[in-house]
Amino acid sequence: MASEAGETLNISYLEKRDGGISSWVFSTDHKRVAILYLVSVLSLFGVGALLGLLMRLELISMGPTIMAPATYNSLFTVHGVIMIFLFIIPAAPGVLGNFLLPLMIGAKDVSFPRLNLLSWWFYLIGACLAAAALFTGGGPPDTGWTFYAPYSLRTGTNVTMAVFAVFVLGLSSILTGINFITTVHRERAPSMGWLRLPLFVWAIYSTAWIQILATPIIGVTLLLVMAERLFGIGIFDPAMGGDPILYQHLFWIYSHPAVYIMILPSLGVISEIFPVFARRTIFGYKAVAYSSIAIAGVGSIVWGHHMFVSGYSYTAGVIFSFFTFLVAIPSAIKVYNWVASLYKSSVVLATPLLYAFAFVFLFAIGGFSGLVLGALSVNVHLHDTYFVVAHFHYVMFGGAGFGFFAALHFWFPKMFGKMYREKTANAALALLFVGFNALYFPMFILGMNGMPRRYYDYLPQFASWQIVSIVGSWIFAAGLLLMFGNLIYALFRGPRAPANPWRAATLEWQTASPPPTENFAVIPAVEHGPYDFKDIR
Amino acid sequence: MEGKNGPIRETRIYVYLASWAALVGLTFLTVWVGTADLGGVAGLVPFVIAAIKALLVLAFFMHLWYEGWLLRLLPALAVVIMAAIVALVISDVAYRG
Amino acid sequence: MTAEGAHRDNAGARLGMWLFILTEFFLFFGAVVVYVFLRYRYSGAFSSASGALDLDLGTLNTLILITSSLTMALSISYLRRCAKKAAVYLLVLTFALGGAFLFNKYFEWGAKIAAGIYPGSSSISAHGVGEGLFYGLYFFMTGLHGLHVVAGMVVIGVMAVKVARGSVSHSAPVGLENTGLYWHAVDVVWIFLFPLFYLVG
Amino acid sequence: MFQPSASQIGAQIDGAFWVIAIMCAVLFVSIISLMAYFTVRYRRGRNAAPVDIEGHRGLETAFVATSVVIVLVMFYVGWRGYKALFTEMPEGLFTIKATARQWSWSFEYPNGAVSDRLLIPAGSPVRVDLVSLDIIHSFYVPAFRVKQDVVPGTMRYVWFQSDLPGEYDLFCAEYCGTGHSMMVSSAVVMDKAEFASWLEAEGQEKAGKGAGRLDGAGVFKAKGCSGCHTVDGSPLVCPTLKGVYGARVRVISNGAVKEVVADEAYLRRSIFEPEAEVVEGFGPIMPSYKGNITDAEIEALAAYIRSLK
Ligand code: HEA
Ligand code: HEA
Ligand code: CUA
Ligand SMILES: [Cu+2]
């Protein structure tokens, strides 16, 4: 028995050979499910990014450039739906959560491995339905990713199927959430107390709560939209006495918390990276851990800040603005504590840390612009302008996206057992960083000058900044290609990575790279906190 | 710590029967209250009764009475969040000018 | 210890089930938000529309579901005591009560539809906007609940077979216990739907 | 960086913006420079022996406390202008009714004058009542810093005062379908006297026309037909109306394709029940004008469309 176990342990989860593709798409191994997510999520990111590039290209000159207005409208709708529901929401839990959570808490797998696989299948079905929506019915939806009623009830495009696709993706997200909460409660290694959990686990745990508590609301909202379109029950339709603002409430009750589904895991990633490369413990572990819960909690009562000019009540506006400002505080705590963790440290400037720095820079700009938008009277001017577009690309891409890239560079050696070229990765980061700011910073200025979003065409005064932004998108594209190229090259040609290349202290580094199917030979004993580097300085 | 592993403690059959009887009784009560004209806050009474009935089901049929803190916390958490959301939505409808 | 089923975590399974039930509650809660919002605006229309629903049938259905919860709970009790046969009979009874509930609903809906009260009908606008919305929501929420009853019945049917075959037994009752939890949750939802629609002042 | 504000509330909103933006900028610069400083000061080569500082209660409390103060200031600063916009509108303002539809605006004055641009007098506050005929649009004049969604089924309003004569862009800021980016008009602030004479002339013209014959081209603009239909032969999302009259048109009616002759009755049907016969190749998005258009206006439109050869 012992020798047999020893033998399987030499075989990594990647190499375990038992029958081609079906050993992947029907695998219940959390690490394989994570790779399934990685491949599907990145493919869809590629598609969404290409659409973004096309949109930019259309705006290179005034008037029609390369497409008709209806095409442009479908483009930003599909871009938004892909980036939100098919890329950034599933990316962090699906890839990082699945791969790391059991490893980090010293478990063999998640609590419900088969459910886990099922949630990937739901993801796949949702993606297929979304793709089908482009070619059936009245063609690709043109409502914006927000599906605002009553336009979404009237348009002839295939909103019904797109909405159903999002519903199925919601199911996938819920199953992941249920799995992770149960896993954190039930599968921790015996000596893994709550306050020894890595901060990424805290972040994923909080995320999972949002996933299960908020997602059902969008589920029922989308069912209502379908019922409206199919049977005309009238709830959101002013012509029948319904209220379109009610739709907005329901949509944002989910979709604001959803932005924290996107960002929380990335905040967790950064909380892992900082101490490892500062070679010292994190400053204020408890504050960082509990602030994740606080973001999840307060984040569920601020949704109305998307509706300041929707025509809802003045009272509601004031209350929602107030809570919106409160929710910035837990984020602030995290940023302060990261910076404080560099004090009296011993900084190793490795690639993951550089990506983490970029994250802090971009997320702070994004977060601060969120505060500007949260201020009532300022929002009246800036709502639905390019300022908002800039804000959410900074937080979603500069924040959540760069956090994901940082995570890829941090855990790449663990996931694939290969090392990438740090120099190339750093060069890619430089391109990404410059490109990103050139691409999105001009949008702040456009917005301040009143350029509305979702505009196929624009007035002459906006032209120059649009051009800067478009050139930025090309620099950015070059950076992305270089970054992914470097990683893909390393996947096949990179040198072998050791078990613990960064000399980190969390459990996932205590097993081989890549980890064996069983994760650990014996369930590890946890003798110290996650950021105790005393023995491995 | 958070709920014992293994099967939970046995619920006596008479507890089930008593809960059932209470639920039936409350159903008739709520119909009576709902159709009688009590005025004032009467509109809320059926919901108070519904909450009591739900608690009975949760506590005995669903065994929460015998569970650890974590599972008992869940419905409480749900109620708090739901109340907050409803309050915020009402802060809109009730004050539309 | 390597095989997947080798370690069985009952408390984990229960926690997972409870989390799932929580999401079900929030699903219906979303519709309740709609209800609260619209009732606030159309309180008069809501109460007059509610008056037109069949209270007797609604009450009967409430009693049926409550009773089915009892038979469900008893079935688990008997299974625990190794009374396999009684457990199966009680499951069949639960299934039948679920069927009776749907049967009544079918008649209730049928009567409304025959009277021209359904979303998109030509005569519903004659009832005024508030009432139209009330019925729209009524059909949506009871329909969604009905789907959950159907799903519950399917699972109960499967469980009855599994208990009869012995793959769910007194030593491994988790499957049945979780089915029970789900069924009771469907009952709890109805306990709230009943006053929401049938007992509006 | 801002286009200068041309309204009174605009100045206040810009003020709030800069207060918040500068607070953010200061925080941002301090955080980033501190991060950079620590990175350089404590880099591996210079400080090989890190110290494990687990936290500092006083410092952490101070972080939270100052953050709370900062965000509360921001909240308050932002609130003031919103309060002015939504609760401090003076009574009895000069009121203009703005009607939004896919994809055009029209503005109606108390004396019956109608315009597709918003003309207002400088130096006195005006109120604009907002109604939508179809879906949600949003009234947005960046130079005034005001925006308000126009929600069908209810009436919303905005109010503002501009002291700076000039012509400013007016946008639809809520996505409303294919023509969203074309739903652009302008707000013209006029000298008071100039405005008064324009208003009077326009009102009289309208009254005079009401008695006599309507100008079809005017109705075509005022009713928003021009928001969708061109008259120069280039179809956009909607068929062009050039040369329609008398032509044979393939339409889809109850799911079946048939051919009809575009006579006056057809025009009428198109305007009253556009969804009954939908021109092949186009979506059923034209709103019904039933109850929203007079017989005289229809006749004027028909004459106008007939003239579009
Ligand atoms: C990852 C996603 C993400 C994240 C994390 C956030 C975070 C925040 N967002 Fe954002 N937001 C979006 C995604 C996100 N948002 C999207 C997608 C939209 C548009 C949707 C659409 O309409 O299509 C949007 C729109 C949006 C609006 C509506 C704009 C409009 O349409 O009018 C508002 C308004 O309040 C807002 C506010 C905020 C605030 C206050 C935060 C805060 O949580 C930010 C907190 C962070 C910081 C404050 C920075 C870090 C802190 C420090 C550096 C320390 C110092 C700080 C202090 C002392 C305060 N967001
Ligand atoms: C995570 C979310 C995310 C991300 C990453 C992006 C990425 C990009 N987005 Fe964004 N965007 C949204 C989410 C996101 N977007 C949302 C939610 C909306 C709102 C939609 C709505 O209004 O409804 C929006 C809207 C939006 C608009 C506004 C449209 C309008 O209002 O008129 C624009 C305009 O330029 C834009 C541009 C871009 C660009 C240029 C990128 C670029 O960063 C893309 C960069 C990509 C490339 C440069 C391509 C090259 C790279 C590859 C092909 C990668 C190869 C892939 C692999 C190897 C895997 N997006
Ligand atoms: Cu009207 Cu956008
Ligand atoms: Cu938000």
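Values reported hereafter were calculated over all heavy atoms of this structure, with side chains retained and with hydrogens, waters and symmetry mates removed. Given the structure is predicted, the values throughout are model-derived calculations rather than measurements. Labels below follow one simple rule: chain letters A, B, ... track the order of the sequence lines, proteins then strands, and each chain is numbered from 1.
The parts of D:Ile53 that come within reach of chain A are both its backbone and its side chain, each placing non-hydrogen atoms under 4.5 angstrom from that chain. Both the backbone and the side chain of A:Pro150 come within contact range of chain D, judged by heavy atoms closer than 4.5 Å. Both the backbone and the side chain of A:Phe357 come within contact range of chain D, each with at least one heavy atom under 4.5 Å from a heavy atom of that chain. Looking at D:Leu59, only its side chain comes within 4.5 Å of chain A, counting heavy atoms on both sides. Residue A:Phe308 touches chain D through both its backbone and its side chain, counting heavy-atom pairs closer than 4.5 Å. Contact annotation for A:Phe323: neither backbone nor side-chain heavy atoms come within less than 4.5 Å of a heavy atom of chain D. The parts of A:Leu382 that come within reach of chain D are both its backbone and its side chain, each placing non-hydrogen atoms under 4.5 angstrom from that chain. Only the side chain of D:Thr87 comes within contact range of chain A, with heavy atoms under 4.5 Å apart. Proximity to chain D (any heavy atom under 4.5 Å) is shown, for A:Ser310, by both the backbone and the side chain. Of the two parts of A:Arg154, only the side chain, counted from C-beta on, holds a non-hydrogen atom closer than 4.5 Å to a non-hydrogen atom of chain D. Interface residue A:Tyr151: backbone and side-chain heavy atoms are both found under 4.5 Å from chain D. Neither the backbone nor the side chain of D:Gln12 has a heavy atom closer than 4.5 Å to any heavy atom of chain A. With a 4.5 Å cut-off on non-hydrogen atoms, D:Val150 does not touch chain A at all. Heavy atoms of A:Ala278 lying under 4.5 Å from chain D belong exclusively to its backbone. Both the backbone and the side chain of D:Gln148 come within contact range of chain A, judged by heavy atoms closer than 4.5 Å. Of the atoms belonging to D:Ile13, heavy atoms from both backbone and side chain fall under 4.5 Å from chain A. Looking at A:Ala239, neither its backbone nor its side chain comes within 4.5 Å of chain D, counting heavy atoms on both sides. For D:Phe17, the parts lying under 4.5 angstrom from a heavy atom of chain A are both the backbone and the side chain. Residue D:Leu130 does not touch chain A at all, counting heavy-atom pairs closer than 4.5 Å.
Using modelled atom types and a 3.5 Å distance limit, the side chains of A:His381 and D:Tyr140 yield a donor-acceptor pair. When only modelled atom types and interatomic distance are considered, A:Ser345 and A:Arg280 share no side-chain donor-acceptor pair under 3.5 Å.
Judged purely by atom type and a 3.5 angstrom limit, A:Thr65 uses its side chain to pair as donor or acceptor with the backbone of A:Glu58. Here the side chain of A:Tyr456 pairs no donor or acceptor atom with the backbone of D:Thr178 at under 3.5 angstrom. Between the side chain of D:Ser186 and the main chain of D:Arg117, no donor-acceptor pair closer than 3.5 Å is present.
When D:Asp134, D:Val40, D:Val158, D:Val146 are compared by the number of non-hydrogen pairs under 4.5 Å with chain A, D:Asp134 comes out ahead. Counting heavy-atom pairs closer than 4.5 Å to chain A, the top residue among D:Cys176, D:Gly153, D:Ala21 is D:Cys176. Counting heavy-atom pairs closer than 4.5 Å to chain A, the top residue among D:Ala16, D:Ala25, D:Gly177 is D:Gly177. Each of A:Ile365, A:Ile333, A:Thr155 has some count of heavy-atom pairs under 4.5 Å with chain D, and the biggest count is that of A:Ile365. Most heavy-atom pairs under 4.5 Å with chain A: of the set D:His56, D:Arg57, D:Arg46, this distinction falls to D:His56. Comparing A:Thr157, A:Asp142, A:Thr385 by heavy-atom pairs within less than 4.5 Å of chain D, the highest count is held by A:Asp142. Considering only heavy-atom pairs separated by less than 4.5 Å from chain D, the leading option among A:Lys344, A:Arg453, A:Lys286 is A:Lys344. Ranked by heavy-atom pairs under 4.5 Å with chain A, the first of D:Lys83, D:Met183, D:Arg80 is D:Lys83. Contacts with chain D were tallied for A:Thr143, A:Val348, A:Leu326, A:Thr324; A:Thr143 has the most, counting heavy-atom pairs under 4.5 Å. In terms of heavy-atom pairs under 4.5 angstrom with chain D, the leader among A:Ser369, A:Ser377, A:Pro452 is A:Ser377. With chain D as partner, the option from A:Asp384, A:Val380, A:Val378 having the largest number of non-hydrogen pairs under 4.5 angstrom is A:Val380. Contact count versus chain A (heavy atoms, under 4.5 Å) is highest, among D:His180, D:Glu174, D:Arg43, for D:His180.
Pairs passing the salt bridge (Lys or Arg N to Asp or Glu O under 4.0 Å) check and including a residue from residues 23-36 of chain D, sequence neighbours excluded, do not occur.
For A:Tyr386 and A:Phe444, the ring centers sit 6.0 Å or farther from each other. Between A:Phe361 and D:Phe28, the gap from one ring centroid to the other is short of 6.0 Å. A distance of 6.0 Å or more separates the ring centres of A:Tyr455 and A:Phe462.
Between D:Arg145 and D:Asp14 there is a salt bridge, since at least one side-chain N of the basic residue sits less than 4.0 Å from a carboxylate O of the acidic one.
Of the residues D:Ile70, D:Val71, D:Val77, the one that meets the side chain to side chain contact (heavy atoms under 4.5 Å, CB included) test with D:Met23 is D:Ile70.
We find the CZ-OG distance between A:Arg454 and D:Ser181 to be 13.0 Å, quoted to the nearest 0.5 Å. Rounded to the nearest 0.5 Å, atoms CZ (D:Phe160) and CG (D:Leu85) are 10.5 Å apart.
A:Asp243 pairs by the salt bridge (Lys or Arg N to Asp or Glu O under 4.0 Å) definition with B:Arg96, C:Arg41, not counting sequence neighbours.
Between A:Leu246 and A:Phe236 there is a side-chain heavy-atom pair separated by less than 4.5 Å. Counting heavy atoms from C-beta on, the side chains of A:Met443 and A:Phe387 never come closer than 4.5 Å.
The side-chain tip of D:Arg127 points at the ring of D:Tyr157 from less than 6.0 angstrom away and within 45° of straight on.
Across D:Trp103 and D:Gly179, no two heavy atoms sit closer than the pair CE2-N, 3.3 Å.
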